[in-house]
Amino acid sequence: KQEVTQIPAALSVPEGENLVLNCSFTDSAIYNLQWFRQDPGKGLTSLLLIQSSQREQTSGRLNASLDKSSGRSTLYIAASQPGDSATYLCAVLTSGTYKYIFGTGTRLKVLA
Amino acid sequence: EAGVTQFPSHSVIEKGQTVTLRCDPISGHDNLYWYRRVMGKEIKFLLHFVKESKQDESGMPNNRFLAERTGGTYSTLKVQPAELEDSGVYFCASSHLGQGARWSQYFGPGTRLTVL
């Protein structure tokens with residue numbers, strides 16, 4: 001049974017810092033892994049999707065890496081800004097299924 | 001291209017009442033999924049439609065929940081009667097059909113359900 005864990009649960013950093021959010025999963029047989037952002041009272045915004053054959057994806061100040069063999073993904077945020085404050089969710093699509101398994105998220109606060 | 005849309009954005013009902021949530025997937029997406037996040041927990045899968053057929057409803061919590069997708073377009077999720085523990089955010093997602101499950105699922109903004 002696939003389980004997804006995100007560390008840390010909460011993070012507070014000053015503006016401008018580079019930071020890393022971690023996601024680990026127990027079953028390495030995956031189709032893809034997706035990082036989402038959720039703002040309070042809002043829906044999910046997809047940030048990056050990494051297919052199982054890929055090692056990393058980049059979008060602007062965001063970079064996500066995937067190491068299937070170790071069951072880990074990291075989301076790197078460069079030069080953090082107050083507008084980056086949100087909950088970041090990692091979700092894994094396990095091979096043979098159509099349902100994403102989500103982690104509980106990392107609540108990020110970037111202080112001005 | 002319009003994204004996944006959900007209606008209403010927020011619903012507040014009394015325990016024992018009925019509520020119907022609606023999801024309109026991206027045009028052309030045959031796969032449609034329902035997920036929900038209850039307070040303090042992670043987002044969890046409820047069910048999956050391929051066109052109008054239910055492929056997997058293993059995540060449906062009990063028989064108070066009924067999902068339909070008539071005509072293979074929009075979907076509704078009815079909760080009858082609603083209980084306090086049904087409060088949470090209900091997300092809908094859709095994806096293309098084909099190439100297995102490699103297609104990305106696109107999520108809607110969610111419906112926040114509050115049962116008093």
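Source: prediction; values computed, not measured. In the text below, chain A, chain B and the rest are named by the order of the sequence lines, each starting its count at 1.
No path of Ile, Leu, Val, Met, Phe, Trp and Tyr side chains, each step under 4.5 Å between heavy atoms, connects B:Tyr33 with B:Met60, placing them in separate hydrophobic clusters. No continuous path of ILVMFWY side-chain contacts below 4.5 Å connects B:Tyr74 to B:Leu32, so the two sit in separate hydrophobic clusters.
For residues 103-112 of chain A, a heavy-atom distance under 4.5 Å to chain B picks out A:Gly103, A:Thr104, given by residue number.
Between A:Tyr98 and B:Tyr35, the shortest heavy-atom contact is O-OH, 4.0 Å.
Proximity to chain A is absent for every atom of B:Ser9, based on heavy atoms less than 4.5 angstrom apart. For chain B, the nearby part of A:Gln38 is the side chain; its heavy atoms alone come within less than 4.5 Å.
With sequence neighbours left out, B:Thr70 forms a side chain to side chain contact (heavy atoms under 4.5 Å, CB included) with no residue at all.
In this structure, the side chains of A:Leu44 and B:Phe91 come closer than 4.5 Å at one or more pairs of heavy atoms. For the pair B:Arg37 and A:Leu89, the minimum side-chain heavy-atom distance is below 4.5 Å. The shortest side-chain heavy-atom distance between A:Tyr100 and B:Phe45 does not fall under the 4.5 Å cut-off. Using a 4.5 Å cut-off on side-chain heavy atoms (C-beta onward), B:Gln105 and A:Leu93 make contact.
We find the CD-CD distance between B:Glu42 and A:Gln6 to be 10.0 Å, quoted to the nearest 0.5 Å. From B:Tyr106, atom OH reaches atom OG of A:Ser46 across 8.0 Å, with rounding to the nearest 0.5 Å.
Applying the 6.0 Å contact sphere to NZ of B:Lys54 captures more than 12 heavy atoms from other residues, nucleotides or ligands.
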